> 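Right, I'll just put the structure down here and ask away after.
Counting starts at 1 for both ligands and their atoms, following the listed order. Not measured: the values here are computed from a predicted model. The residues of the chain are indexed from 1 along the displayed sequence. The figures that follow rest on heavy atoms only: side chains count, while hydrogens, waters and symmetry mates do not.
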Amino acid sequence: MTEDNTTPSNHFIRNRVRADLEKNSFTLMTRFPPEPNGYLHIGHAKSICLNFGIAQEFNGQCNLRFDDTNPEKEDEEYVESIKHDVEWLGYQWHNLFFASDYYEQLYQYAIKLIEIGKAYVCDLNADQIREYRGTLTEPGKDSPYRNRSIEENLDLFQRMRAGEFQEGERVLRAKIDMASPNINMRDPSLYRIKYAHHHRTADEWCIYPMYDYAHCISDAIEGITHSLCTLEFEDHRPLYDWILDTLETPCHPQQIEFARLSLDYTVTSKRKLHQLVNDNHVDGWDDPRMPTIAGLRRRGYPPAAIRDFCERIGITKKDSQIDVGVLENCVREELDHNAPRVMCVLNPVKVVIENYPENQTEQLDASNHPKRPELGKRQVPFSREIFIERDDFMEKPAKKFFRLAPGREVRLRYAYYVTCTDIIKDETGNIIEIRCTYDPETRGGKSPDGRKVKGTIHWACANNSLLVQVNSYDRLFNTANPAASEDITASLNPNSLEVLPQCYAEPSLADAKPGQAYQFERSGYYVRDSSDGADGKLVFNRTVTLRDTWAKLNK
Ligand code: ATP
Ligand code: MG
């Protein structure tokens, strides 16, 4: 997958764009339109990969446009994080815009709608508007203010802008059809009064455009050709088209809807992600367990794996829940190819090699990537005292346990064959030291006489290792559909983080840069965290295990 020689699968949007480009000559223009009211999540990645990816593929352009029409919920912090995330995913926008750049134009278009008799100022309050709207089975009723004169509407709308009315006192509405079977067409609101400070326009405005009004006009202003959005906007398309047709905008983008991404064992709604952060269930938006792009980055998910995932799941018109294992497998494949191998002992027990000279340290060659010799070698130090994983020793070995046990010989990866001769326990019966002898003829882990060992284990030199902290992350939720219950916290996985404070890593890890990925041999893929531990230790986050351990659990 890293050598990208596969042709992209033909989903319906790709086919549609291709067909449109064959019919007419134009530059494909798309946009990714996030609202800056939270951090982006894996669902947004699907939209980013689609919008930016398809523009790239057909020599078009994609804008990043912030849909900033809800001043109370939006913030500059989110703007900056979204820009960073899009770039990190590997995309560059053609232009960076804000819907708030268009406030004056949007206002002028609203004046035009009033002037042609297609919009009116309505004095009904929110409850009354709802009541007049009707239901799916009953038509709505005309507002008593529907037939105001154009002059009166112009005057009232200008006074709305001038701040003469209270919030909720008046709205501007489109004049369409209160009996339309599509409720979105029953004179939807276009502008509401809000005395809120906007993160870009400050207090310049006290009326703000509604999403449905601002979005289509913003698309038209930017010359977007294909406006790709999620399925919940399908019923809004007639309104999108009505506004642009009525205003006779020079450009009329085609809105096309696709299914949202939903992943099992995850939530992808900003409201729920806010809840996790605000109630301290996680350690911020970039907690490595979060499905945010910032969290996935800190967890060590490579951007190429996320892009690959978005391509693999495809684009359809049908909502479905994707197995999070598919995403994890994309991460494994990418890291298997690119992550250098190192040794790190997570749960150490000491081994003393009795016949190895005291005060001697030797450097042993270790391959950085067994499947890719071109990635070279490094050296790892070896001496009389080493650490191995507690799990790699059993005093009374179970059937099929081929690792170290009393009297048994195993291979120390890249080093020697060792045989366990004795164990030392503390007064509670805990093994505190394992004694072994080694065979000097087996240097490099090679057998001198054809003698075979069944187990190979990793290790770390006791005196020449780096003491690091490892955070073993697991899924944040332990049920497949946490959003099914109103209280998502009920299905939080209590074991989603295990901190291993005393792990011994080979010294080459001292050079690890934050964000750099490794395979800890036999354990999984790990990445150096963006911050060090309080005690100055380097911290490594578990990105993903070597194999899918959840798949087995669910069988
Ligand atoms: P949320 O419901 O989480 O608040 P949203 O749709 O309100 O998400 P926006 O910031 O408006 O978030 O989304 C920006 C773009 O990303 C929109 O075009 C939206 O359709 C798309 N998007 C959001 N969530 C998903 C998802 N789960 N799958 C695919 N696209 C998504
Ligand atoms: Mg939205």
> Going by heavy-atom distance to atom 26 (C) of ligand 1, choose the closest among G43, P36, S269, A45.
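That would be G43.
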> Can you sort out which atoms of ligand 1 are near P34, meaning under 4.0 Å from one of its heavy atoms?
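Close to P34: 10 (O), 14 (C).
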> More than 12 heavy atoms of other residues, nucleotides or ligands under 6.0 Å from CD of Q166: yes or no?
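Not more than 12 within 6.0 Å, no.
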> Do R542 and E498 meet the salt-bridge criterion of a basic N to acidic O distance under 4.0 Å?
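Here E498 does not pair with R542 in a salt bridge, since their nearest N and O are not under 4.0 Å apart.
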> Please say whether L261 places an N or O atom under 3.5 Å from an N or O atom belonging to ligand 1.
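L261 vs ligand 1: N/O contact under 3.5 Å present.
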> Would the Y240 and H236 ring centres measure less than 6.0 Å apart?
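Centroid separation for Y240 and H236: 6.0 Å or greater.
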> Can any side-chain N or O of D286 pair as donor or acceptor with the backbone N or O of R298 at less than 3.5 Å?
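Not a single qualifying donor-acceptor pair exists.
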> Checking Y265 against F477 for the ring-ring contact (aromatic ring centres under 6.0 Å, His included) test, could you report, in this order, the C-alpha distance in whole Å, the side-chain angles of both residues, the deciding distance, and whether it holds?
CA-CA 5 Å; Y265 294 94; F477 295 98; 9.0 Å; no
> Heavy-atom distance to atom 11 (O) of ligand 1: which of E35, K73, E257 wins?
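Closest candidate by heavy-atom distance is E35.
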> Distance under 4.0 Å to a non-hydrogen atom of S47: what atoms of ligand 1 satisfy this?
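Heavy-atom distances to S47 below 4.0 Å select 16 (O), 21 (C), 30 (N).
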> Going by distance only, is there an N or O of R260 that falls short of 3.5 Å from an N or O of ligand 1?
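Right, the criterion is met.
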> Flag the pair K175 and D187 as a salt bridge only when some basic side-chain nitrogen lies within less than 4.0 angstrom of an acidic carboxylate oxygen.
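Salt bridge between K175 and D187, a charged N being under 4.0 Å from a carboxylate O: no.
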> I'd like the name of whichever of I42, T230, L263 reaches closest to atom 19 (C) of ligand 1 through any heavy atom.
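Of the listed residues, T230 has the closest heavy atom.
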> Cation over ring, R148 on Y120, under 6.0 Å and within 45°?
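The answer is no; the distance or angle limit is not met.
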> Ligand 1 and R31, any nitrogen or oxygen pair closer than 3.5 angstrom?
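No.
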> Backbone or side chain, does any N or O of N37 fall under 3.5 Å from an N or O of ligand 1?
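No; every N/O pair is 3.5 Å or more apart.
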> Determine whether more than 12 heavy atoms belonging to other residues, nucleotides or ligands lie under 6.0 Å from atom CZ of R159.
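Above 12, so yes.
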> From the options H44, H274, H215, select the one whose nearest heavy atom is closest to atom 23 (C) of ligand 1.
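Heavy atom nearest to atom 23 (C) of ligand 1 belongs to H44.
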> Check S262 against ligand 1 and report side chain, backbone, both or neither, counting heavy atoms closer than 4.0 Å.
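Near ligand 1, S262 shows nothing, with every heavy atom at 4.0 Å or more.
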> Within less than 4.0 angstrom of ligand 1, does R271 place any heavy atom?
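Not so, R271 does not reach ligand 1.
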> At less than 4.0 angstrom from any non-hydrogen atom of P33, what atoms of ligand 1 do you find?
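Checking each atom against P33, I get 14 (C), 18 (O).
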> Measure centre to centre between the rings of Y191 and F157, then say whether the value is under 6.0 Å.
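Yes; F157 has its ring centre under 6.0 Å from that of Y191.
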> Is there a nitrogen or oxygen of K270 sitting under 3.5 Å from a nitrogen or oxygen of ligand 1?
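So ligand 1 has an N or O lying under 3.5 Å from an N or O of K270.
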